[in-house]
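Have a look at the structure below before the remarks.
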Amino acid sequence: RSYKAGGFFATALVVSKLDGSPGWGYYKLLKNLRLIRSSQRLEELDIWADHVRKAHTWYATHNR
């Protein structure tokens with residue numbers, strides 16, 4: 001629903017307490033949807049950061 005509403009996956013905000021990054025399932029989903037085309041860590045982090053930014057922006061303007 002968050003992807004349809006705001007162009008981001010809300011699960012980007014669910015991160016590990018150990019290192020503050022999303023789990024492997026998040027990246028697997030993005031790869032299965034072909035939003036991540038390689039297994040380069042930098043690409044994964046860039047896309048994750050973009051989804052986090054979009055989530056914060058969306059929730060800031062839609063929080064009721």
Side-chain angles (χ1 to χ4, degrees):
R1 288 185 262 173
S2 63
Y3 194 78
K4 286 182 180 181
F8 66 93
F9 287 105
T11 55
L13 301 175
V14 179
V15 296
S16 167
K17 288 182 181 182
L18 295 176
D19 64 5
S21 67
W24 64 269
Y26 175 76
Y27 292 119
K28 182 178 178 181
L29 171 65
L30 295 182
K31 286 177 184 175
N32 287 342
L33 295 173
R34 298 179 189 244
L35 296 175
I36 294 177
R37 294 183 186 97
S38 74
S39 58
Q40 293 182 4
R41 187 70 175 146
L42 185 57
E43 182 183 7
E44 292 176 348
L45 291 174
D46 284 345
I47 291 173
W48 171 58
D50 185 50
H51 281 240
V52 169
R53 181 189 53 78
K54 287 178 181 178
H56 282 274
T57 300
W58 192 87
Y59 286 118
T61 59
H62 293 85
N63 190 9
R64 298 176 201 253

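Since the structure is predicted, the reported quantities are computational estimates derived from the model, not experimental observations. All heavy atoms count here, side chains included; hydrogens, waters and symmetry mates do not.
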Q) Rounded to the nearest 0.5 Å, what separation is found between the CZ atom of Arg41 and the OG atom of Ser21? A) 5.5 Å
Q: Mind listing the closest non-hydrogen atom pair of Ser2 and Ala10 along with its distance?
A: OG-N, 2.9 Å
**Q.** side-chain hydrogen bond (donor to acceptor under 3.5 Å, both in side chains) involving Asp46 - partner list, sequence neighbours excluded
**A.** none
Q.
Return the CD1 to CZ distance between Ile47 and Phe9, rounded to the nearest 0.5 Å.
A. 11.0 Å
Q) Below 4.5 Å, heavy atoms only, C-beta onward: do His51 and Tyr3 meet side chain to side chain? A) yes
Q: Identify whether Ile36 and Leu33 are in the same connected component of the hydrophobic contact network (ILVMFWY, side-chain heavy atoms under 4.5 Å).
A: yes
Q | Short side-chain to backbone donor-acceptor contact, Glu43 and Arg37, under 3.5 Å | A | yes
Q: Might you confirm whether atom NZ of Lys28 has over 12 heavy atoms from other residues, nucleotides or ligands at distances under 6.0 Å?
A: no
Q) Are Thr57 and Phe8 side-chain neighbours, meaning at least one heavy-atom pair lies under 4.5 Å? A) no
Q: Find out whether Tyr27 and Leu35 are in side-chain contact, i.e. whether some heavy atom of one side chain is under 4.5 Å from a heavy atom of the other.
A: no
Q) Of all heavy-atom pairs between Ala12 and Val52, which one has the smallest distance, and what is that distance? A) O-CG2, 3.8 Å
Q: Treating Ile, Leu, Val, Met, Phe, Trp and Tyr as nodes and any side-chain heavy-atom pair under 4.5 angstrom as an edge, say whether Val14 and Leu45 lie in one connected cluster.
A: no
